[in-house]
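This report refers to the structure that appears directly beneath it.
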Amino acid sequence: MESRLIKLLLICLVVSACSNEKQINPTSPKAEHSQYVNRLWHSTISEALSEPLWLEDFAYDAANALMLPMYYSFKFPERFTIETQQEFNTFFREVSLNFHPQQIENRVVKTQFIYFTTQYLKLRNQYGFWDDKDTKLFILLTDELHLLWNDEVAIHWDQSLNFVGIKERVLWKLQAKEVAFSYYNAFIDEEWFTISAISDLINVGNNQGLPHSFDNDEIYNISTAVLSNFLAYEDQYLYFQKGTWFDHRDYRYAGHENVAENLAPSYVKNIAVDSSHSHRLPLFIDSFSSISSDKEYYKKIISELMRTFSDQALTSMEIDDQFVILQNNYFDGHNGLYRYSYSTLNEGSGYGPYQLSGTLFVGYYAFFESDGYRDSMKKMQSSFPINDQALALYVGPKSTRARHYLFDWPAYFNNGFAELFTYLSACYNSDLNSCEIKEQK
């Protein structure tokens, strides 16, 4: 009897303590997003993840637009009434069964989707989830990356060069040499994606005790050399490959401010990388960091690049009384033409000033942890539907590139995807009370 009384007293004390705790914190952050944000997720992310996004025509956009939502689903599963994390788990189970990398001819698309998938495995490991299906996916990606890194032909713009494996091409670029064009030395997308994905797999493999064929020291040394060779300060701002791309066809008209027919090349010799591609930098560098013991070194690089992005590229304006977040076309604040007469655009067309700003709604910018970007995306929550003048800046010239209907532009900015992205970007590094505008719509 005495024992039962003691137990009852303990129960009462626990209940009382819990009740008191709730009364002490009446203004604690709300646990969930509004119903409106849940509906946006359901009509966009949930629907997209039910589609075969690993196919070549869809994989590029999926890896861009779904990276932040995937991270968000692991970091804040309690903020949704939907099982957001489970939706990604189900999707990647399908990837492990149906994704055949050798069937994708475009190497940028292939390596980008591989990186999206290694990032998923990295999150599964980081948050304490792992099962046999993850191991199967790990083996699939390890085999493919081994071929790309060591064995498959790695083409170069200079067709006199014959490289076997991406590693051989990267090592060549890390040697100081004279080249016919500056961009021949440029570190390109598929190299970023490949080394970052390999770093992810080494990190996961070491943590899960899974065998792999990559040399930790080799990848670490190469990734460190890439940053050492291509990162440099100018006017107190940090840039990657500034001046390397100026004579490439995408950058050759950067000196022009307006699109017109029959433009002559106008070089900006020390031009920075375009702002659109720069969104990937924080995750790439974080992947490099995952196989290093010096985490602070990489955090500093990301922080310095964030400062460059915030001060030089990121901007905003009012258009017809509507707040609009924008970015200059180049990471150093230059805002000239990009990709004039590009292969997927009409002849005489190109991206004019601010017309790379649509990437702000699909990319990895939130991982820079920029206060300016976060606060601007919060303001953007009130700017939907976006007016036609602003939409023209986000969408830019009409592209013939194939896209999944959910990711097709301008539909992406009207179907809820871009709007949901404003909530996820504003809230990724914030509590809900400070990042989500008052509903209801």
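Note that these values count all heavy atoms, side chains included, but never hydrogens, waters or copies made by symmetry.
- Checking side-chain atoms of Asp286 against main-chain N and O of Pro282 turns up no donor-acceptor pair under 3.5 Å.
- Aromatic ring centroids of Tyr267 and Tyr251 lie 6.0 Å or more apart.
- Scored by the side-chain hydrogen bond (donor to acceptor under 3.5 Å, both in side chains) test, Asn206 finds Asn216 as partners (sequence neighbours excluded).
- For an aromatic pair to be called close, the ring centres must be under 6.0 Å apart, and Phe288 with Trp192 satisfies this.
- Between Val395 and Pro410, the closest heavy-atom pair is CG2-CB, 3.6 Å.
- Under the 6.0 Å cut-off for aromatic ring centres, Phe309 and Tyr365 qualify, their centroids lying closer than that.
- In this structure, Gly165 and Ala154 approach most closely via the heavy-atom pair O-CB, 3.6 Å.
- Although no hydrogens or angles enter the test, the distance criterion places a donor-acceptor pair under 3.5 Å between the side chain of Asn387 and the main chain of Ile319.
- Between the side chains of Tyr120 and Asn89, at least one donor N or O lies within less than 3.5 Å of an accepting N or O.
- Partners of Gln312 according to the side chain to side chain contact (heavy atoms under 4.5 Å, CB included) rule, which considers only residues two or more places apart in sequence or in another chain, are Tyr237, Tyr239, Thr308.
- Aromatic pair Tyr183/Trp157: centroids less than 6.0 angstrom apart.
- The only member of Trp54, Tyr71, Phe92 that meets ring pair (Phe, Tyr, Trp, His ring centres under 6.0 Å) when paired with Phe116 is Phe92.
- Partners of Asp158 according to the side-chain hydrogen bond (donor to acceptor under 3.5 Å, both in side chains) rule, which considers only residues two or more places apart in sequence or in another chain, are Ser160.
- Of the possible polar contacts, none joining the Asn125 side chain to the Leu121 backbone as a donor-acceptor pair under 3.5 Å is found.
- The aromatic rings of Trp245 and His248 lie perpendicular to each other, with more than 60° between the two planes, well past the 30° mark.
- In this structure, Gln241 contributes its side chain and Phe230 its backbone to no donor-acceptor pair below 3.5 Å.
- In this model, no donor atom of one side chain and acceptor atom of the other lie less than 3.5 Å apart for Glu87 and Ser73.
- Ring centers of Phe361 and Tyr394: under 6.0 Å apart, within the cut-off.
- With sequence neighbours excluded, the residues that form a side-chain hydrogen bond (donor to acceptor under 3.5 Å, both in side chains) with Tyr72 are His33, Arg79.
- Counting non-hydrogen atoms of neighbouring residues, nucleotides and ligands closer than 6.0 angstrom, the NZ atom of Lys269 reaches no more than 12 such neighbours.
- Counting heavy atoms from C-beta outward, Tyr428 and Glu369 have side chains that stay 4.5 Å or more apart.
- With respect to Asp375 and Lys378, no salt bridge is recorded, no charged nitrogen being found less than 4.0 Å from a carboxylate O.
- To the nearest 0.5 Å, the span separating CD1 on Ile325 from CG on Leu314 amounts to 5.0 Å.
- For the pair Leu201 and His212, the tightest heavy-atom approach, listed with the atom from each and the gap, is O-CD2, 4.5 Å.
- For the atom pair Thr142 OG1 and Ile114 CD1, the distance stands at 10.0 Å (nearest 0.5 Å).
- Ring to ring, Tyr60 and Phe407 are not that close: their centroids are 6.0 angstrom or more apart.
- Listed by chain and number, the residues in a side-chain hydrogen bond (donor to acceptor under 3.5 Å, both in side chains) with Tyr405 are Glu47 (sequence neighbours excluded).
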Output, in order, the C-alpha distance, side-chain angles, deciding distance and verdict of side-chain hydrogen bond (donor to acceptor under 3.5 Å, both in side chains) for Tyr338 and Gln355. CA-CA 9 Å; Tyr338 177 68; Gln355 287 192 325; over 6 Å; no
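- Ser213 and His146 share a donor-acceptor pair across their side chains, judged by distance under 3.5 Å alone.
- Across all non-hydrogen atoms, the minimal contact from Leu174 to Asn229 is O-ND2, 3.2 Å.
- Judged by distance alone, the side chain of Asp408 and the main-chain N or O of Ala411 form no donor-acceptor pair under 3.5 Å.
- Side-chain atoms of Arg252 come within 3.5 Å of backbone N or O of Asp247 as a donor-acceptor pair.
- A donor-acceptor pair is defined here as one N or O able to donate and one able to accept, closer than 3.5 Å; no such pair exists between the side chain of Ser266 and the backbone of Ala254.
- Annotation for Glu257: atom CD does not count as buried by contact number, only 12 or fewer foreign heavy atoms lying within 6.0 Å.
- In the displayed structure, Asp294 atom CG is contacted under 6.0 Å by more than 12 heavy atoms of other residues, nucleotides or ligands.
- Using a 4.5 Å heavy-atom cutoff, the side chains of Gln389 and Gln322 are not in contact.
- Looking only at distances, no side-chain donor or acceptor of Gln85 sits under 3.5 Å from a matching main-chain atom of Pro77.
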Decide yes or no on side-chain hydrogen bond (donor to acceptor under 3.5 Å, both in side chains) for Asp134 and Gln208, but give the supporting numbers first. CA-CA 10 Å; Asp134 297 318; Gln208 294 294 330; over 6 Å; no
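- Salt bridge present: Asp61 and Arg401 bring a charged side-chain N and a carboxylate O closer than 4.0 Å.
- Side-chain contact annotation: Tyr115 with Ser287, donor-acceptor N/O pair under 3.5 Å present.
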I'd like a table of donor-acceptor pairs (distance under 3.5 Å, sequence neighbours excluded) in which one partner is a side-chain atom from residues 101-113, with atom names and distances.
{"residue": "Gln102", "atom": "NE2", "partner": "Glu144", "partner atom": "OE1", "Å": "2.6"}
{"residue": "Gln102", "atom": "NE2", "partner": "Glu144", "partner atom": "OE2", "Å": "2.9"}
{"residue": "Gln102", "atom": "NE2", "partner": "Glu152", "partner atom": "OE2", "Å": "3.2"}
{"residue": "Asn106", "atom": "OD1", "partner": "Val108", "partner atom": "N", "Å": "3.0"}
{"residue": "Asn106", "atom": "OD1", "partner": "Val109", "partner atom": "N", "Å": "3.0"}
{"residue": "Arg107", "atom": "NH1", "partner": "Val153", "partner atom": "O", "Å": "3.0"}
{"residue": "Arg107", "atom": "NH2", "partner": "Glu190", "partner atom": "OE2", "Å": "3.1"}
{"residue": "Lys110", "atom": "NZ", "partner": "Pro101", "partner atom": "O", "Å": "3.3"}
{"residue": "Lys110", "atom": "NZ", "partner": "Glu144", "partner atom": "OE2", "Å": "3.4"}
{"residue": "Thr111", "atom": "OG1", "partner": "Arg107", "partner atom": "O", "Å": "2.8"}
{"residue": "Thr111", "atom": "OG1", "partner": "Val108", "partner atom": "O", "Å": "3.3"}
{"residue": "Gln112", "atom": "NE2", "partner": "Asn64", "partner atom": "OD1", "Å": "2.9"}

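- The main-chain N or O of Asn335 is never found under 3.5 Å from a side-chain atom of Asn328 such that the two would form a donor-acceptor pair.
- The minimum heavy-atom distance between Leu345 and Ser399, with the atom names listed, is CD2-CA, 4.0 Å.
- Of the N and O atoms on the side chains of Ser290 and Ser199, not one donor lies less than 3.5 Å from an acceptor on the other residue.
- In this structure, the side chain of Tyr330 does not engage the main chain of Ile271 through any donor-acceptor pair within 3.5 Å.
- Between Phe88 and Trp41, the angle of the ring planes goes over 60°, which puts this pair in the perpendicular group of the 30/60° scheme.
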